[in-house]
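Heads up, the thing below is written out as structure tokens.
Protein chains get the first letters and strands the later ones, always in sequence-line order, with residue 1 at the start of each.
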2 protein chains.
Amino acid sequence: MDDGFLARAVRANHELFLLTSDRMAATFAELDITSSTASLLLEIDPEQEPPTMKALAGRLYCNAPNLTFLIDQLVARGMVERVRATKDRRQRAAVLTGKGEHTRATLMDVALAISPLRHLTTEERTAVASILEGALTRAKASSTEGDPLTTVDSTR
Amino acid sequence: MDDGFLARAVRANHELFLLTSDRMAATFAELDITSSTASLLLEIDPEQEPPTMKALAGRLYCNAPNLTFLIDQLVARGMVERVRATKDRRQRAAVLTGKGEHTRATLMDVALAISPLRHLTTEERTAVASILEGALTRAKASSTEGDPLTTVDSTR
DNA sequence: TGCAATCCTTCGATATTCGAACTAAAATTT
DNA sequence: AAATTTTAGTTCGAATATCGAAGGATTGCA
């Protein structure tokens, strides 16, 4: 039964996230943001087309009111601006300011510098990145089609 | 220039956590717990010696007041009981009730059932589990001894 | 014994997350 | 084309989470 490895992988991923967040705490405070707003900031890639509120909520797996609240934090700090979409005027997109870009870059630098994953060899990094990305891709693909039931099985 | 893989690994870990939390949401509601209290419940292994409050706070990377709040949630739901440690009467340990054990077991079942990692092959699960555990072990070892500075070492 | 350190809790302040209800702008129906 | 429905986003109020400061109890130490 290889469920043991699955359980260990799930648990390790969970702890890795907790430890990483903990190590980022001081940086968040210095940059005058919080864990949640930092996650949002990282989702706004200045190289890409400015994402809409809906797209950002999807990436953070949160709902619309929460996203409005989080974006407000970044707007209040001068890191993001809301712009109306030209084609569909219901939509608003998030655009990084210069300060927003700079803060985001610092966040990424620090995240790489403190991540426990920095101890891995190049081969290990490659393996982890590709395996996890593959799992995510397949998970998102299979959740959009078929298999609607995810009920709690009490067979225990 | 293998920082690309490191960044991808860090990002995949982050998204995996968000997606997993999102997929657990319905189960949390059914079990009358929240994401945070579920994480705490999972840290109390009925096979092990009942952990102290301090030990649990360490495992969740949170502070003492927060842990008191979280344990109160589980106590109020009849899933955990506080007991005084006999040797050091300042300490309190968390002991699972029958309901706590059952809820915890259900949580673990569902977590394995919905995790994107379940799509991985046995070899991939093994690789991810051992690599991430190794990174965590080294990260925690190097943060407790020596090297008080968390400076960015660019020698890589 | 007296003092400092440790473990935990309480309290107040701030942050986060959500559902319900709302506005504005499309898309669809009739 | 007017009416209806759907969609994108916001506002508001409630429940939860997290933290720092301060306090009580117990232990360790001089």
Side-chain angles (χ1 to χ4, degrees), chain A residues 17-18 21-41 43-44 50-77 80-95, chain B residues 17-19 21-41 43-44 50-77 79-95:
Chain A
F17 177 82
L18 295 181
S21 300
D22 185 59
R23 291 189 173 187
M24 293 294 290
T27 302
F28 292 156
E30 284 174 32
L31 296 176
D32 188 29
I33 55 180
T34 64
S35 172
S36 296
T37 50
S39 291
L40 171 56
L41 191 56
E43 294 296 341
I44 308 174
T52 65
M53 300 297 136
K54 183 185 176 75
L56 288 171
R59 291 186 211 167
L60 292 184
Y61 301 94
C62 74
N63 59 12
N66 191 15
L67 191 88
T68 295
F69 169 79
L70 294 174
I71 284 279
D72 280 345
Q73 307 294 312
L74 294 180
V75 171
R77 283 159 182 74
V80 160
E81 287 176 1
R82 280 188 179 88
V83 300
R84 299 195 88 96
T86 52
K87 46 171 195 173
D88 187 339
R89 290 174 40 78
R90 288 172 299 185
Q91 296 180 343
R92 308 268 177 116
V95 178
Chain B
F17 177 83
L18 294 181
L19 178 51
S21 300
D22 184 59
R23 292 190 171 187
M24 293 293 292
T27 302
F28 292 156
E30 286 175 33
L31 296 176
D32 187 31
I33 55 180
T34 65
S35 172
S36 296
T37 51
S39 291
L40 172 56
L41 191 56
E43 294 295 342
I44 308 173
T52 65
M53 301 296 136
K54 183 186 176 74
L56 288 171
R59 290 185 211 169
L60 292 185
Y61 300 94
C62 75
N63 60 12
N66 191 17
L67 192 88
T68 296
F69 169 78
L70 294 175
I71 283 280
D72 280 344
Q73 307 293 313
L74 295 179
V75 170
R77 283 158 182 75
M79 298 177 185
V80 160
E81 286 176 2
R82 278 188 178 89
V83 299
R84 298 195 88 97
T86 51
K87 47 172 194 171
D88 187 339
R89 291 173 39 79
R90 288 172 301 186
Q91 296 181 341
R92 307 269 176 118
V95 178

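Rounded to whole angstrom, the span from the CG atom of B:Leu41 across to the P atom of D:dA17 amounts to 13 Å.
For the pair A:Arg77 (side chain) and A:Asp32 (backbone), a donor-acceptor distance under 3.5 Å is present. Not one N or O on the side chain of B:Arg89 forms a donor-acceptor pair closer than 3.5 Å with the backbone of B:Arg84. For the pair A:Thr37 (side chain) and A:Ile33 (backbone), a donor-acceptor distance under 3.5 Å is absent.
In this model, the phosphate group of D:dC19 is approached by a side-chain N or O of B:Asn63 to a distance below 4.0 Å at OP1 or OP2.
Nearest heavy-atom pair, B:Leu56 versus B:Pro51, reported as atom, atom and distance to 0.1 Å: CD2-CG, 3.7 Å. Taking every heavy atom of both residues into account, A:Phe28 and A:Ser21 meet most closely at CE1-O, 4.5 Å. Closest approach of B:Leu31 and B:Met79 over heavy atoms only: O-CE, 3.7 Å.
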ask   = When you look at A:Ser36 and A:Ser39, which way does the side chain to side chain donor-acceptor pair (under 3.5 Å) test go after all the steps?
value = CA-CA 5 Å; A:Ser36 296; A:Ser39 291; over 6 Å; no

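Running 5' to 3' along DNA chain C, contacts with non-hydrogen atoms of chain B at under 4.0 Å begin and end at C:dA5 to C:dT10.
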Please list, pair by pair, any protein nitrogen or oxygen found under 3.5 Å from a nitrogen or oxygen in nucleotides 8-12 of chain D.
unit_1: D:dA8; atom_1: OP2; unit_2: A:Lys54; atom_2: NZ; d: 3.0
unit_1: D:dG9; atom_1: OP1; unit_2: A:Met53; atom_2: N; d: 3.2
unit_1: D:dG9; atom_1: OP1; unit_2: A:Arg92; atom_2: N; d: 3.1
unit_1: D:dG9; atom_1: OP1; unit_2: A:Arg92; atom_2: O; d: 3.2
unit_1: D:dG9; atom_1: OP2; unit_2: A:Lys54; atom_2: N; d: 2.7
unit_1: D:dT10; atom_1: OP1; unit_2: A:Arg82; atom_2: NE; d: 2.3
unit_1: D:dT10; atom_1: OP1; unit_2: A:Arg82; atom_2: NH2; d: 3.2
unit_1: D:dT10; atom_1: OP2; unit_2: A:Thr68; atom_2: OG1; d: 2.7

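Distance check: A:Ile44 CD1 to A:Leu41 CG gives 6.0 Å after rounding to the nearest 0.5 Å.
The residue among A:Thr86 and A:Ser35 whose nearest nucleotide of DNA chain C is located toward the 5' end is A:Ser35.
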